[in-house]
Amino acid sequence: MHNSIPVIAIDGPSASGKGTVAELVAAQLGFHYLDSGALYRIVALAAKQQNIDWDDALAIAKCAKTLDIQFKDGQVMLNGNDISDAIRTEEMGKGASRVAVHAPLRAALLDLQHSFCKAPGLVADGRDMGTVIFPNAPLKVFLTAATEVRAQRRYQQLLNKKQSGSNSQISYADILLDLQERDARDKGRASAPLIMAKDAILLETDHLSIAQAVDHVLQNYQSFTNLSA
Ligand code: DC
């Protein structure tokens, strides 16, 4: 890893908006972007395709090491197949959170995550970007919102998807329960749990638009670059 390359680490719970914010910040700065949650989703999908139990730590880590993962023009490719939509389901969100508890899998994904750190800089989003993967990141943001606000956002996203053709049944109560379960698993695991890094800035987005959250991160980054100039 190159310490001279600036990294903005954006961590937070599911449906906090961090993915959208991170992608927009990366686009504004012309930086690379790492969606680390996608990696855990890909592993959950690959394990399902190969009938590997999500609770089998060693088999999951072994499976991850065999995967050819590519991110190309907003598409996620696994072994040459476009799996961008297949990993975005609620099932794979839950599967990702299940496989992510395994320390051997987290170790297997370390080098791949570090390989995204290239000039001119990187915006990385996930649960442990600022605590474990890029602990020297000059700017760390912990982006969050109340569970009910996040559940409402996720519910709206799924309703929008339904309008554009998906026919799965959606209930706000199920989504809320699912988020609560996922938060508890991500925060409670022994390996790289979701916690705010000591030197992170807290950004609560309950009453912020995406554009306001992006501005906030960019302003903080600007202050950092002015200070270090
Ligand atoms: O950000 P996301 O919703 O796509 O992440 C899906 C799951 O992957 C999340 O519930 C926990 C896991 N994850 C993780 O453990 N560490 C990361 N850096 C990113 C995601």
Side-chain angles (χ1 to χ4, degrees), residues 7-23 25-26 33-48 54-55 57 60-61 63-64 67 69 71 74 76 78 83-117 122-135 137 140-145 147 149-151 153-155 157-158 161 175-197 200 205 213:
V7 176
I8 301 178
I10 305 186
D11 289 305
S14 301
S16 55
K18 64 190 181 329
T20 312
V21 170
E23 227 177 328
V25 169
Y33 168 56
L34 166 62
D35 170 5
S36 63
L39 301 178
Y40 293 92
R41 288 170 179 268
I42 293 169
V43 173
L45 178 70
K48 188 182 173 198
W54 285 337
D55 296 328
I60 290 285
C63 163
L67 304 177
I69 297 170
F71 293 89
V76 186
L78 172 61
I83 52 153
S84 318
D85 292 336
I87 60 164
R88 292 287 152 213
T89 62
E90 291 303 284
E91 185 194 6
M92 288 312 139
K94 189 181 254 185
S97 174
R98 291 260 301 273
V99 298
V101 303
H102 303 311
L105 171 63
R106 306 198 73 88
L109 293 178
L110 208 60
D111 287 350
L112 176 59
Q113 293 180 86
H114 286 161
S115 73
F116 281 77
C117 187
L122 174 70
V123 182
D125 96 66
R127 305 293 185 289
D128 61 344
M129 298 296 100
T131 49
V132 176
I133 308 296
F134 300 108
K140 300 178 186 177
V141 179
F142 194 83
L143 207 126
T144 189
T147 319
V149 173
R150 292 185 284 119
R153 287 179 189 160
R154 174 63 52 82
Y155 180 59
Q157 272 172 3
L158 292 173
K161 250 196 210 169
I175 289 170
L176 179 63
L177 197 68
D178 191 59
L179 266 188
Q180 286 165 332
E181 261 178 36
R182 223 188 284 180
D183 284 357
R185 198 183 298 112
D186 294 347
K187 287 179 188 165
R189 67 182 178 224
S191 182
L194 168 67
I195 40 161
M196 182 168 148
T205 66

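Numbering of ligands and ligand atoms starts at 1, following listing order. The chain is numbered in sequence order, starting from 1.
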Inset, instruction - Tell me the residues surrounding ligand 1, counting only those with a heavy atom closer than 4.0 angstrom, sorted by chain and number. - result: Lys18, Ser36, Gly37, Tyr40, Arg41, Ala96, Ser97, Ala100, Arg106, Gly126, Arg127, Asp128, Met129, Arg182, Asp186, Arg189

Legend entry - Ion pair check, Arg154 and Asp178, cut-off under 4.0 Å: no

Inset, instruction - Taking atom CG of Asp55 as the centre, report whether more than 12 heavy atoms of other residues, nucleotides or ligands fall under 6.0 Å from it. - result: yes

Legend entry - Residue of the set Val101, Ile133, Asp128, Val99 for which side chain to side chain contact (heavy atoms under 4.5 Å, CB included) holds with Arg106: Asp128

Legend entry - Beyond-backbone contact of Gln180 with Leu177, side-chain heavy atoms, under 4.5 angstrom: yes

Legend entry - Any donor-acceptor N/O pair, Arg41 side chain to Ile87 backbone, under 3.5 Å: yes

Legend entry - Residues in side chain to side chain donor-acceptor pair (under 3.5 Å) contact with Thr205, at least two apart in sequence or another chain: Arg153

